[in-house]
Amino acid sequence: MDHPSQPSVRHFDHCPWLFADGATEEQRAAQREVQRAVGGDTGIGERCYVAQSAAVFPDRLRLGDDSYIAAHAYVTGELDTGSHCTLNPFTTVRGNVVLGHGVRIGAHTSLLGFNHSMAPDRPVFRQPLTSRGIRVGDDVWIGSHVIVVDGVTIGDHCVIGAGAVVTRDLPAWSVAAGNPARVLRDRREVRGVGAAPAPSGMRPDDRRTPTTRPAPDPEPGAPRDRPAVRVAGAADAEVAAAVGAEVADLSGIRPGGDRTPTARPAPAPRTATLAAFADTARDQAAGLLDRCWDGERYVDRPGAVPTVRAHCDAVEIADLLLGAVPEHLSAEEHIGRLSGLQDPKSGLVPEFGEPLPVADADGFIGEGAALYHVLCVGYALDLLGPGLPHPVCGVRDMTARQLVVRLDALPWRTGAWGAGAWVDSLATAAHWNLRHGDGGDNGHGTPESLFGWLLTRADPWTGMWGSPSAEEGRLQVVNGYYRLTRGSFAQFGLPVPYPERVVDAVLDHARDARHFGPGRENACNVLDVAHPLWLCTQQLGRGADGYRSGEIDDWAERQLATVLPRWQDGRGFGFGPGAAGPGPEPGLQGTEMWLAIVWYLADLLGRSGELGYRPRGIHRPEPARQGIAGLS
């Protein structure tokens with residue numbers, strides 16, 4: 001039947017995806033009033049829609065951009081969604097529920113993030129309520145008439161068939177159905193060609209990822225670009241019948257939504273290339289360092305200005321490849337120069353030519369080169385022998401309460417990399433301070449408070465801290481995870497929480513073509529995958545029995561095959577293509593980082609012994625100290 005030329009509010013309530021392009025100014029104004037009238041602690045993002053007929057009575061609501069709550073939905077309790085989330089007609093969401101980005105919930109589905117106790121000493125209606133909450137990852141598709149009970153975590157990229165009752169956690173990429181729901185297969189398995197009709201409760205054209213906007217419904221009679229599925233066997237027939245979802249090869253689909261399969265180069269053969277590479281790097285190390293000495297100080301690359309980091313990178317490279325100090329200065333001169341950079345009152349090291357950074361109210365700084373200098377100057381002096389001569393006073397004097405306030409205020413949702421880098425600097429300063437004989441924190445218990453905060457704030461379905469975004473995916477979260485865990489758990493020899501979930505999240509991120517497509521890998525992005533995978537495999541085991549070891553080995557092989565040919569004779573490694581970091585020109589930073597990355601990739605494969613070197617500075621694999629009082 002024909003629709004009216006101007007959709008009514010009732011039409012938008014049931015088809016809210018039409019609102020953005022089809023509403024009049026009066027209807028938009030009315031929608032703003034509907035959103036303002038939602039009670040409780042409410043925050044609604046851009047381009048959202050809340051149906052007038054929906055019963056939305058939250059204690060707390062955070063509705064991400066481009067999300068909607070459709071007709072007759074029922075929402076109470078605390079709901080926090082990412083962007084591009086949809087609660088379709090008659091959906092019920094109650095209790096404590098958190099949705100990632102791009103979560104699609106079919107009609108008549110219930111997410112019940114609370115429960116009654118049922119002790120026999122009183123009627124059920126008088127029992128207290130409990131709530132462990134429901135957590136749903138990114139890019140999750142839940143069909144119609146599904147029930148998800150309290151305490152369940154659904155991993156990224158899951159598809160749940162119509163009528164399922166989900167009573168247990170589902171790992172990332174699961175296709176699940178049934179009562180109780182069980183995993184039928186992994187979405188990445190190669191099962192057939194083409195696609196079948198969409199699951200009940202989802203629009204037939206709704207195949208987008210969280211980074212794109214919905215396409216309009218096709219005109220009646222228009223051809224569709226979704227061929228009928230060819231089911232390859234009984235398992236696929238079960239999936240097709242129970243889920244009604246796509247049965248296709250998803251292994252080559254780019255995370256940004258491009259459905260063109262990506263080309264995957266074959267791994268390089270296991271040859272003597274690691275040993276040959278290391279011999280070449282050692283033979284050329286002295287000339288490479290000489291190239292970056294301007295006669296007075298070290299520069300990252302010829303023509304650049306001298307920096308504190310460049311001097312520290314030179315010390316790290318010489319120690320790694322030559323087992324010596326850079327020959328331009330004696331060991332005593334290197335120590336004198338680097339030690340003399342530390343301000344004795346604050347313990348901070350400013351950049352050459354810049355004033356000492358001003359501390360924040362809690363005594364420590366929040367940004368700038370001096371944050372990284374805690375790491376690079378500290379470890380350069382550690383390699384040279386004496387370590388930092390003075391404590392970092394802002395960290396030594398910070399109380400546990402001040403630390404918690406600062407941690408709570410870090411930009412975990414919008415800048416997880418910066419938040420992780422700050423934790424790295426603070427934890428490394430605490431490590432150096434512990435060498436100064438006063439307990440390192442004047443008895444405040446600050447290091448213990450740091451680990452307590454981190455352990456209680458780690459996301460149980462990623463093992464990480466922070467939130468992904470539609471624009472960057474997991475880039476900020478994974479890169480922030482590396483920096484945070486390098487300075488805290490790895491540096492202090494403590495196990496990371498939820499290591500299996502970390503591996504899941506990191507491997508998922510490593511398939512994001514925006515950051516790991518051909519010619520897009522830079523040193524930060526590769527290191528920030530390699531180190532977490534290495535760190536978690538130390539806890540989970542390696543080899544055939546290790547968690548997802550085959551996928552980890554495959555990734556490491558491919559990265560080595562890409563990285564080793566990038567060495568430029570006499571110049572070393574560039575940081576990476578594009579404008580990020582120092583850019584493509586070979587220099588000290590790129591060389592120092594890629595040498596460490598090559599070691600971690602080789603060690604993931606059990607081949608690091610072929611290199612004949614092992615990082616001892618910032619990127620050392622062993623803990624710098626073993627544990628914290630009360631936590632080790």
Side-chain angles (χ1 to χ4, degrees), residues 16-17 20 43-50 61-70 75 78-88 91 93 96-106 109 111 113 133-142 148 152-160 170-174 187 202-203 206-215 250 253-259 411-417 419 459-481 501-502 504-515:
W17 55 86
I44 297 177
E46 300 293 328
R47 300 172 301 280
C48 290
Y49 186 87
V50 178
L61 173 65
R62 294 294 182 270
L63 194 63
D65 294 347
D66 300 290
S67 298
Y68 61 72
I69 299 174
V75 178
E78 298 184 0
L79 171 62
D80 193 328
T81 87
S83 60
H84 296 276
C85 288
T86 62
L87 279 62
N88 278 293
T91 297
V93 178
N96 185 336
V97 177
V98 176
L99 309 180
H101 296 283
V103 177
R104 323 297 291 172
I105 302 176
T109 283
L111 277 61
I134 293 170
R135 301 293 182 269
V136 180
D138 297 337
D139 180 34
V140 172
W141 191 354
I142 303 176
V148 183
V152 165
T153 294
I154 298 172
D156 296 347
H157 312 297
C158 286
V159 174
I160 302 173
L170 295 176
W173 295 101
S174 298
R187 275 183 57 196
M202 304 300 294
R203 294 172 57 219
D206 198 356
R207 297 178 292 144
R208 68 189 185 279
T209 64
T211 58
T212 61
R213 297 187 62 187
L250 302 181
I253 296 176
R254 297 189 180 102
D258 183 350
R259 299 183 65 88
W412 298 105
R413 290 185 64 87
T414 58
W417 181 88
D459 188 330
W461 56 270
T462 64
M464 299 186 174
W465 299 265
S467 302
S469 70
E471 295 75 21
E472 295 183 302
R474 293 192 188 279
L475 182 67
Q476 288 267 338
V477 178
V478 172
N479 290 10
Y481 180 86
R501 303 290 78 78
V502 173
D504 291 341
V506 169
L507 286 176
D508 183 51
H509 168 65
R511 285 186 287 269
D512 192 332
R514 290 172 292 183
H515 315 300

Does any N or O in the side chain of [X] come within less than 3.5 Å of the main-chain N or O of [Y], such that one atom is a donor and the other an acceptor?
{"X": "R514", "Y": "E471", "value": "yes"}
{"X": "T153", "Y": "L170", "value": "no"}
{"X": "T86", "Y": "N88", "value": "no"}
{"X": "T462", "Y": "A505", "value": "no"}

Using side chain to side chain contact (heavy atoms under 4.5 Å, CB included) as the criterion, point out the one residue from N96, L87, I134 that pairs with L79.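 Of all the options given, the one that passes is L87.
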Can you list everything that forms a salt bridge (Lys or Arg N to Asp or Glu O under 4.0 Å) with R135? Sequence neighbours excluded, please.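 With neighbours one apart ignored, the set is empty.
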Which residues pass the side chain to side chain contact (heavy atoms under 4.5 Å, CB included) test with P16, not counting sequence neighbours?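 For P16, the residues satisfying side chain to side chain contact (heavy atoms under 4.5 Å, CB included) (neighbours in sequence not counted) are Y49, Y68, A70.
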Qualifying residues under side chain to side chain contact (heavy atoms under 4.5 Å, CB included), relative to P460, sequence neighbours excluded: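 Residues passing side chain to side chain contact (heavy atoms under 4.5 Å, CB included) with P460: Y498.
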Say whether H157 and D138, considering side chains only, have a donor N or O and an acceptor N or O under 3.5 Å apart. no
Partner set under side-chain hydrogen bond (donor to acceptor under 3.5 Å, both in side chains) for H515, not counting sequence neighbours: none
If the condition is side-chain hydrogen bond (donor to acceptor under 3.5 Å, both in side chains), which residues does D65 pass it with, not counting sequence neighbours?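 For D65, no residue satisfies side-chain hydrogen bond (donor to acceptor under 3.5 Å, both in side chains) once neighbours in sequence are set aside.
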Distance check, rounded to the nearest 0.5 Å: [X] atom [atom1] versus [Y] atom [atom2]?
{"X": "C158", "Y": "W141", "atom1": "SG", "atom2": "CH2", "value": "13.5 Å"}
{"X": "T91", "Y": "I105", "atom1": "OG1", "atom2": "CD1", "value": "6.0 Å"}
{"X": "D512", "Y": "L475", "atom1": "CG", "atom2": "CG", "value": "8.0 Å"}
{"X": "C85", "Y": "H101", "atom1": "SG", "atom2": "NE2", "value": "8.0 Å"}
{"X": "R104", "Y": "I142", "atom1": "CZ", "atom2": "CD1", "value": "11.5 Å"}

Would you call V50 and L63 a side-chain contact if the rule is heavy atoms closer than 4.5 Å?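 Yes, at least one pair of side-chain atoms sits under 4.5 Å.
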Any side-chain heavy-atom pair from I154 and I160 closer than 4.5 angstrom?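 Touching, per the 4.5 Å side-chain cut-off.
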Testing the basics here: between [X] and [Y], what is the closest heavy-atom pair and its distance to 0.1 Å?
{"X": "Q476", "Y": "A416", "answer": "OE1-N, 3.1 Å"}
{"X": "Y481", "Y": "M464", "answer": "CD1-CG, 3.6 Å"}
{"X": "A470", "Y": "S83", "answer": "CB-OG, 4.1 Å"}
{"X": "G64", "Y": "C48", "answer": "O-SG, 3.0 Å"}

Please report the C-alpha distance between R187 and D139 in whole Å, then the side-chain angles of each, then the deciding distance to 0.1 Å, and finally whether the side chain to side chain contact (heavy atoms under 4.5 Å, CB included) criterion is met. CA-CA 12 Å; R187 275 183 57 196; D139 180 34; 3.7 Å; yes
Dump the intermediate steps for side chain to side chain contact (heavy atoms under 4.5 Å, CB included) on D508 and W173, then the final yes or no. CA-CA 10 Å; D508 183 51; W173 295 101; 3.4 Å; yes
Determine, stepwise, if the pair D80 / L99 fulfils side chain to side chain contact (heavy atoms under 4.5 Å, CB included). CA-CA 6 Å; D80 193 328; L99 309 180; over 6 Å; no
Heavy-atom neighbours of W417 CH2 exceed 12 at 6.0 Å: no
